[in-house]
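The structure appears right after this line, and notes come after that.
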Amino acid sequence: MIIELSNTSSRDIASSLIRARRMVGSASGMVLTLLIVTNDDRFDEVIDAAKASGTAHPSRVIVITYVDSPEPRLDATIEVGEGLPGDMVVLRLSGELREHADAVCLPLLLPDSPTIAWWPNEAPDNLALDPVGTLANRRITDAAGCRDPQAALVRRASNHADGDTDLTWTRLTRWRALLAAALDQSQAEVTGAVVTSAPDNAPATLLAAWLSERLGVDVSRVDGPLIGVNAVVLHTTAGDITVRRVADGTAVYQVPGEPERTVALRRRSLPDLLTEELQSMEADDVFEAATLRVARDSEAR
């Protein structure tokens, strides 16, 4: 069921949601509210990712878009049923209402459940003080979706607050798992590291910061021919530990004294990344330490 509301209010939207839910079934299975602040450039991609992640985390999805018009106006589209594992509300705000998205969204949040905010494109400098961010228990950004991913990553690091995370970190989950497993197999001291990636790759910057922070060694960055992170080499007193992507979805994994192995290392889709981030409401201390290292390194340059 799709309901279009023109020049409406939060109260009318909430009432329409209740009526629609009575017609198509209960919303008692929803576990969280996902607030998404996006623009038209990635609108369809973001909506598809939210719907896909809803199969693992049934939720109320509230999509906030800003319309370039001086008239203070709120239009909304409500989608309930139609195979959705929850419900979806798209809000189009213009005029003065653009500055009061928190007041518009507050009556629409699910009671007694967590709220997560996601900026898949450009995001405010300080998420915790942003009007939409103040409504959320967790706040997700994506430096890779910004015009300047490196600058966006530094802004995130410089203004980090508990509950903040970025999908650049989520993209590194399997890289970090492989490197941690390799270090568990080797007792040798790590003396240095090299991260090879596409030029100016934001996840590689965060990966290098994490390695430097955790291992206490200098980490070099090298440009490689492939997109994303290409390889990580950890120099140890027993030889090199290597994780190197050789094809899309495949990597070579080698530890000193052990035979070379091929492991799965596919590039993860946006729905996969979002689904992982919706699994935990806890602050990520390891991510915070890595981002603080990014901020310190940026200030030192």
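Values reported hereafter were calculated over all heavy atoms of this structure, with side chains retained and with hydrogens, waters and symmetry mates removed.
- Not a single donor-acceptor pair under 3.5 Å links the side chain of T250 to the backbone N or O of V246.
- Side-chain contact between V132 and R139 is absent, with no heavy-atom pair separated by less than 4.5 Å.
- Ion pairing between E45 and K51 fails under the 4.0 Å rule for side-chain N and carboxylate O.
- With R268 contributing its side chain and T170 its backbone, the two residues share a donor-acceptor pair below 3.5 Å.
- Proximity of a side-chain donor or acceptor of S158 to a complementary backbone N or O of R155 within less than 3.5 Å is not detected.
- Panel note: side chain D75, backbone N7; a donor-acceptor pair is recorded below 3.5 Å.
- For the residue pair W119 and D142, no side-chain donor N or O sits within less than 3.5 Å of a side-chain acceptor on the partner.
- Using modelled atom types, one finds no donor on one side chain facing an acceptor on the other under 3.5 Å when comparing S197 with N230.
- Between the side chains of T141 and D166, at least one donor N or O lies within less than 3.5 Å of an accepting N or O.
- With hydrogens and angles ignored, the 3.5 Å screen pairs no side-chain donor or acceptor of S298 with any backbone N or O of V294.
- Between the side chains of E4 and T77, a donor-acceptor pair is found at a separation under 3.5 Å.
- With hydrogens and angles left out, the side-chain atoms of R19 and S16 include a donor and acceptor closer than 3.5 Å.
- Judged by distance alone, the side chains of Q150 and T205 do bring a donor and an acceptor atom under 3.5 Å apart.
- When L278, T33, V31, L32 are each tested for a side chain to side chain contact (heavy atoms under 4.5 Å, CB included) with P114, only one passes: L32.
- By the 30° and 60° cut-offs, the orientation of the rings of F287 relative to H160 is perpendicular.
- Salt bridge status for R296 with E213: present, with a side-chain N to carboxylate O gap under 4.0 Å.
- Taking 4.0 Å as the cut-off between side-chain N and carboxylate O, R138 and E277 count as a salt-bridged pair.
- Salt-bridge annotation for R221 and D200: absent, with no side-chain N of the basic residue lying under 4.0 Å from a carboxylate O of the acidic one.
- Closest non-hydrogen pair, S10 versus L108, comes out as O-CD2, 3.7 Å.
- The pair D87-R60 meets the salt-bridge criterion, since a charged nitrogen lies less than 4.0 angstrom from a carboxylate oxygen.
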